[in-house]
2 protein chains.
Amino acid sequence: MFNHSAILSDMPPRWLNGEEQQAWRAFLTFVARLDDHLDRQLQRDSGMPHAYYQVLAMLSEAPERTLRMSDLARITLSSPSRLSHAVARLEENGWVRRERHPTDRRGALAVLTDRGFEALRRAAPGHVAAVREVMFDRLTPEQVRRLRSLFSTLTEETAPTPGPGPAAPAGRAGHAELTT
Amino acid sequence: MFNHSAILSDMPPRWLNGEEQQAWRAFLTFVARLDDHLDRQLQRDSGMPHAYYQVLAMLSEAPERTLRMSDLARITLSSPSRLSHAVARLEENGWVRRERHPTDRRGALAVLTDRGFEALRRAAPGHVAAVREVMFDRLTPEQVRRLRSLFSTLTEETAPTPGPGPAAPAGRAGHAELTT
DNA sequence: CTCAGATGGTTGAATGCTCAAGCAGAGTCT
DNA sequence: AGACTCTGCTTGAGCATTCAACCATCTGAG
């Protein structure tokens, strides 16, 4: 048996060329700025980190403002552990409540409380303004189109996802767009 | 006197339109994937987080493999505090050493040790492979150009930086490109 | 039915980051 | 010189995230 990773790692690394380097560094710089800006703004004005905002936002769009923990974790791009801790914290604030899943007794549901919805509603305008300030107000509509196109490509499922795939994410509820 | 922020916050928020939403979500998804992928790969294969890799990489390019803490902080896009903690940790590993600044006695210098350079050299191929895997191998050269162009725009200094600006970052040293 | 493995979720320890406070040295003004 | 402020850097506490266990429940094979 050959060790495939050894074979792979024996190939000389393909370093980034000039263009790629520039793209990479500019990208890293922007992401750093962005994370910093968003987290600071939310923490300062609304007392929550960006990750928690996303949890509240996703819940606010869900039917009954309720989602199963595992689904919420997937949607918010966080690990089960991270989400569990986060929801624990949000529960202390009275922004989210846990409920038991009606049929699967392993399951837990996260429910956005009225106070949580209020907190989100107050946080949203400042947040979207911050996003605009750092990103969209610096781009022309044409550039926004290119941006979307690029990152659609980059996030496309590359792995062979046979079958109908994980079904569209349960259509947006009729609420205002508090999701950014 | 009017309260300007009150005036600002009284304007109805400009929510993101459809195109912007799609761009934003795809972007967030990609960044989450990317951070996760890079941090995991580095932690697993080289025992350091991505932020520490960047510290080592920047030092490796500097003359004498040495930088003043404040400069290093700026280059690595981290706060002074963050860098101080990071260097403390790197010092424990024997990868970086602190020295006193020769003329400004407030100053501290971070020096990449030989062991640190070795660690970086071993980490670099896996890291650049990870970056390729998630980003550049999924883009055509034309797309890479657009990417660079977009993020150059987004990271351009917007504030009126009069004068000659903060001088080009001390040209790359002749070392191999371990910076990604 | 029963058992083995998969799935859903939580927990605690370890780590990195942020924030606010603090200290020492350098500049500046009189 | 003396007093003020600014800059450079560090520190400790608090918080978020990760990782590796862990328990409970569900599912499927025999």
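None of the values given here were measured: they were computed from a predicted structure. Letters A, B, ... are given to chains in the order of the sequence lines, protein chains preceding strands, and every chain is numbered from 1.
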Whole angstrom value for the distance that separates [atom2] of [N] from [atom1] of [X]:
| X | N | atom1 | atom2 | answer |
| --- | --- | --- | --- | --- |
| A/L77 | D/dT17 | CG | P | 12 Å |
| B/E91 | D/dC9 | CD | C1' | 13 Å |
| B/R68 | D/dC9 | CZ | C1' | 10 Å |
| B/M48 | C/dT15 | CE | P | 16 Å |
| B/R100 | D/dT10 | CZ | P | 13 Å |
| A/Q43 | C/dC19 | CD | P | 7 Å |
| B/Q54 | C/dC17 | CD | P | 10 Å |
| B/D39 | D/dT18 | CG | P | 8 Å |

Inset, instruction - Run the salt-bridge test on B/R98 and B/E91 with the 4.0 Å N-O cut-off and return the result as yes or no. - result: yes
Inset, instruction - Give a yes or no on whether a salt bridge exists between B/R132 and A/E20, defined as a side-chain N under 4.0 angstrom from a carboxylate O. - result: yes
Can you find a donor-acceptor pair, distance only, under 3.5 Å between [X] side chain and [N] base?
| X | N | result |
| --- | --- | --- |
| B/H85 | C/dT18 | yes |
| B/R106 | D/dT7 | yes |
| B/S81 | C/dC17 | no |
| A/S78 | D/dT17 | no |

Inset, instruction - Measure from the side chain of B/R82, starting at C-beta and using heavy atoms only, and say which of C/dT18, D/dA16, D/dT18 lies closest. - result: C/dT18
Legend entry - Shortest side-chain distance from A/M69, nucleotide among C/dC17, D/dC9, C/dG9: C/dG9
Inset, instruction - Look at all strands and tell whether A/R98 reaches a base, only sugar-phosphate, or nothing, counting heavy atoms closer than 4.0 Å. - result: sugar-phosphate
Inset, instruction - Using a heavy-atom cut-off of under 4.0 Å over every strand shown, decide if B/A51 touches base, sugar-phosphate, or nothing. - result: sugar-phosphate
Legend entry - Separation between OG1 of B/T76 and OH of B/Y53, rounded to the nearest 0.5 Å: 14.0 Å
Legend entry - Distance in Å, B/R138 CZ paired with A/T153 OG1, rounded so as to fall on 0.5 Å steps: 10.5 Å
Inset, instruction - Using only side-chain N and O atoms of A/R105, determine if any of them is under 4.0 Å from OP1 or OP2 of C/dG8. - result: no
Legend entry - Mutual orientation of the aromatic rings belonging to A/F151 and A/F27 [parallel < 30°, tilted 30-60°, perpendicular > 60°]: parallel
Inset, instruction - Please figure out whether A/D36 or A/P80 has its closest DNA chain C nucleotide nearer the 5' end. - result: A/P80
